[in-house]
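Presented below is the structure to which this report refers.
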Amino acid sequence: MDGNASGEDYENIDWDTEDELEIENITPSSCSNGVAHNVQAIVSNGAAVVSNGEASSSAGSSNSKLVQHFLGMGFSEEMIAKAIKENGEANTESILESLLTYGALASEESPDERNSCHLNSPQQQQFVDNDQLSSDYDESLLADLSDSDDSWSGSEIAETSNSLPKHEKAILSLANMGYTVEEASAAIDRCGPEASIAELTDFICAAQMAKTEDVFFEEEKPKISFNGSLKKRKLYELEMRKRKKRNPEDEEMIRLPNPMIGFGTPTHGNVITHRKLPDAAKAPPYFYYENVALAPKGVWDTISRFLHDVEPEFVDSKYFCAAARKRGYIHNLPITNRFPLLPLPPRTISDALPLTKRWWPEWDKRTKLNCLQTVIGSAKLTDRIRKALEKCGDNPPEHVQKYVMDECRKWNLVWVGKNKLAPLEPDEVEMLLGFPRNHTRGGGISRTDRYKSLGNSFQVDTVAYHLSVLKDIFPNGINMLSLFSGIGGAEVALHRLGIRLKNVVSVEISEANRDIVKSWWEQTNQKGNLIHFSDVTQVDGHLLQRLMFSFGGFDLIVGGSPCNNLAGSNRVSRDGLEGEQSSLFFDYFRIMDLVKDIMNNKKE
DNA sequence: ACTATAATGACGGGCTTA
DNA sequence: TAAGCCCGTCATTATAGT
């Protein structure tokens, strides 16, 4: 994947021009009402803010890359600037060390210093009065606000008793969210008794991160590679185990369900109809996070802990279509009255690919395909298999059958002729994943890249089933923040559900993928606005604030962060959540937290 | 002929379930 | 205990484009 957040290619990213160009491409087709006009201005400004930020941290682009890197880890800009000044730009390790030291020192410093080490807490971000805005815009803003307010007023509200003193109540809620009492009270000590739960969780997360890094540095001081190593993961797991020992019943490892049907599927029905969300997860907006289910041990525990301790819903898409796809979803959506996309997709290979039936030998017992991945079997492979089969006539001996079946399962081969196996065609993958035919075709994308983009995508029917509950909640449509959009699985799902897409802010590193979504957007005659950005690490509070200000906040944040370093088929760099690409999960967390903060401040 | 892009093939292992 | 599964990476080779 060209998605690579820590490479040298940052220098090549030209925010202003690229984004303005993309906006310009969109605006003419969809700006009949002035809203788009506003958005254009806002996005341009947003980009300008980003570059201003880079400029203000002085000393050019490599510096800003550095700053962004640490911002991404959750340190405040002031601290980063300070650390860079002390250590110089060259030595990232010593900068990080300084940053962590500041964190440690802060606890003994004066109260004023306390807030400076908060993770990502936006400084007094508020919504300004919108006198200067056009009436069009005003209307849409109000409509949106009432949308989201309505939707949340009905949800179950806190059951914490009012008799408790404030700080004990806070400890209680934090404990409910899965933090230890020590962590909670330390956070309250540091942030003060008046601190909001969000502030407190921010602090705890920062502390946890720092702690993990600390262990790493203590034992590995000499040469550290920044892009997480296996050792780093091992140490992280060690830390997990230590924590578990300290508090055995508190830190239950997440286990995968069998059958993997989450809270239910269209065919299994809703097995679970009620769940209790942690308080912190009840606040708007709705969020939906996705990643591979079979991640290294401890990864889902960490992801869950960062996402307000919401339990993952593990679902295998083989219950929705003809191909397996084991994924975990963490979301705060209601789970009653879900409904599937119609028509229901074929759920066996022979129904999905009828032409294969004729050639399917009786000794191939498969009815479902395995997970659709990013690479396919080669022509040479299927040629070898054909020759092997031809040699032994109509009834291949056991060992040949086993050889063939092993390859079939490994490469998801299907029968297309006598003794002839073939990998799936890209349009067959599109169909299995629930995308319109030719969704990824043309526009300059190579076959190889089509497979890659598709292999990295959502299964649309599965995601749509989960998101279907939004249809009643937002009859007028939604504003969505789509992180790691890929080829637009969430967008397609919502569209097929008949949920209008008002404003979609989409962040996707691959230009080919952005083109795919853009072209889908045009072809489906979307009336809303599609706003593209390329790099999640560059999405900051200012940008979000401007965007949200323009259309009244997000109703939904969707994202599946990179699985490269989690996926089982990665033999080279399965480094866990700290891996080069997979660590972008922390940007999902960071951005979600920023959005929540902005939306909550707005209400007060 | 040279360059850029696309396709190919070699590369295990951690973890779960039966 | 054994079988089966997995949103992958990288260097090399083939092909397309000029």
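Proteins get letters first, then strands, A, B, ... in listed order; numbering begins at 1 in each. Predicted model only: the values in this text are computed from it and were never measured.
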Report the residue (A:Val572 or A:Ala379) whose heavy-atom-nearest nucleotide on DNA chain B is the more 5′ of the two. A:Ala379
Testing C:dT9, B:dA18, C:dC7 for proximity to the side chain of A:Ser573, the answer is C:dT9
How long is the gap from CG on A:Leu584 to CD1 on A:Ile509, to the nearest 0.5 Å? 8.0 Å
Could you state the CD1-P distance from A:Ile376 to C:dC7, rounded to the nearest angstrom? 18 Å
Kindly point out which of B:dG13, C:dC7, B:dT8 is positioned nearest to the side chain of A:Ser378? B:dT8
Starting at atom CD1 of A:Ile445, determine the distance to atom P of B:dT5, rounded to an integer number of angstrom. 15 Å
Which listed nucleotide (B:dT16, B:dG12, B:dG14) is nearest to the side chain of A:Lys297? B:dT16
If you assign A:Gly455 and A:Asp406 each to the DNA chain C nucleotide with the nearest heavy atom, which residue ends up on the more 5' nucleotide? A:Asp406
Answer yes or no: is there a donor N or O on one side and an acceptor on the other, between the side chain of A:Ser582 and the main chain of A:Asn565, under 3.5 Å? yes
Taking atom types as they are modelled, is there a donor-acceptor pair under 3.5 Å from the base of C:dC5 to the side chain of A:Arg409? no
So A:Asn565, base contact, sugar-phosphate only, or nothing? Heavy-atom distance under 4.0 Å. nothing
Contact class for A:Cys371 (heavy atom, under 4.0 Å): base, sugar-phosphate, or nothing? sugar-phosphate
Taking any strand in view, what nucleotide pairs with B:dG12 in a Watson-Crick or G-U wobble way, both distances under 3.5 Å? none
Should C:dT15 form a Watson-Crick or G-U wobble pair with both distances under 3.5 Å, which nucleotide is its partner? B:dA4
Once you round to the nearest 0.5 Å, how far does CG of A:Leu421 lie from CG of A:Leu381? 8.5 Å
Which whole-number value in Å describes the distance from A:Arg571 CZ to B:dC15 P? 17 Å
Give a yes/no on whether any side-chain N or O of A:Asn564 is located under 4.0 angstrom from OP1 or OP2 of C:dT9. yes
Within the pair A:Arg447 and B:dA6, is there a side-chain N or O less than 4.0 Å away from OP1 or OP2? no
Would you mind reading off the distance between A:Phe314 atom CZ and B:dC15 atom P, rounded to a whole angstrom? 14 Å
Without decimals, in angstroms, what is the distance between A:Asn258 CG and B:dT17 P? 6 Å
With the side chain defined as heavy atoms from C-beta on, A:Gln581 is closest, among B:dC15, C:dC6, C:dT9, to C:dT9
Verify the contact: side-chain N or O of A:Arg325 to OP1 or OP2 of C:dC7, cut-off strictly under 4.0 Å; return yes or no. no
Say we look at B:dG12 and C:dC6: how far apart would their C1' atoms be, to the nearest angstrom? 12 Å
Would you confirm whether the ring centroid of A:Trp520 sits within less than 6.0 angstrom of the ring centroid of A:Phe435? no
Between A:Asn570 and B:dG13, is there a contact of a side-chain N or O with OP1 or OP2 at under 4.0 Å? no
Identify whether any heavy atom of A:Ser582 sits under 4.0 Å from a base atom; if not, whether one sits that close to sugar-phosphate; answer base, sugar-phosphate or nothing. nothing
So, is A:Ser446 close to the B:dA7 phosphate, meaning a side-chain N or O under 4.0 Å from OP1 or OP2? yes
Rounded to the nearest Å, what distance is computed from the OH atom of residue A:Tyr451 to the P atom of nucleotide B:dG9? 14 Å
The side chain of A:Ala567 lies closest to which of these nucleotides: C:dT9, C:dC7, B:dT17? C:dC7
Carboxylate-amine/guanidinium contact A:Asp587 A:Arg590, below 4.0 Å: yes
Looking at A:Glu425 and A:Arg447, does any basic side-chain N land under 4.0 Å from a carboxylate oxygen? yes
Position toward the 5' end of DNA chain B (nearest nucleotide), A:Ser569 or A:Asp449: A:Asp449
Whole Å only: how far is the CG atom of A:Asn513 from the P atom of C:dC7? 18 Å
Using a heavy-atom cut-off of 4.0 Å across all strands, would you classify A:Leu256 as base, sugar-phosphate, or nothing? sugar-phosphate
Out of C:dC7, B:dT16, B:dA7, whichever nucleotide has its closest atom nearest the side chain of A:Thr448: B:dA7
Ignoring backbone atoms, establish whether A:Asn370 has a side-chain N or O less than 4.0 Å from OP1 or OP2 of C:dC5. yes
So A:Phe586 and A:Phe306, would you call those rings parallel, tilted or perpendicular, with 30° and 60° as cut-offs? perpendicular
What does A:Arg255 touch in the nucleic acid at a heavy-atom separation under 4.0 angstrom: a base, only the sugar-phosphate, or nothing? sugar-phosphate
Ignoring the backbone of A:Lys380, work out which of B:dG14, B:dT8, C:dG4 is nearest its side chain. B:dT8
In this structure, how many angstroms lie between the P atom of B:dC15 and the CE atom of A:Met260, rounded? 15 Å
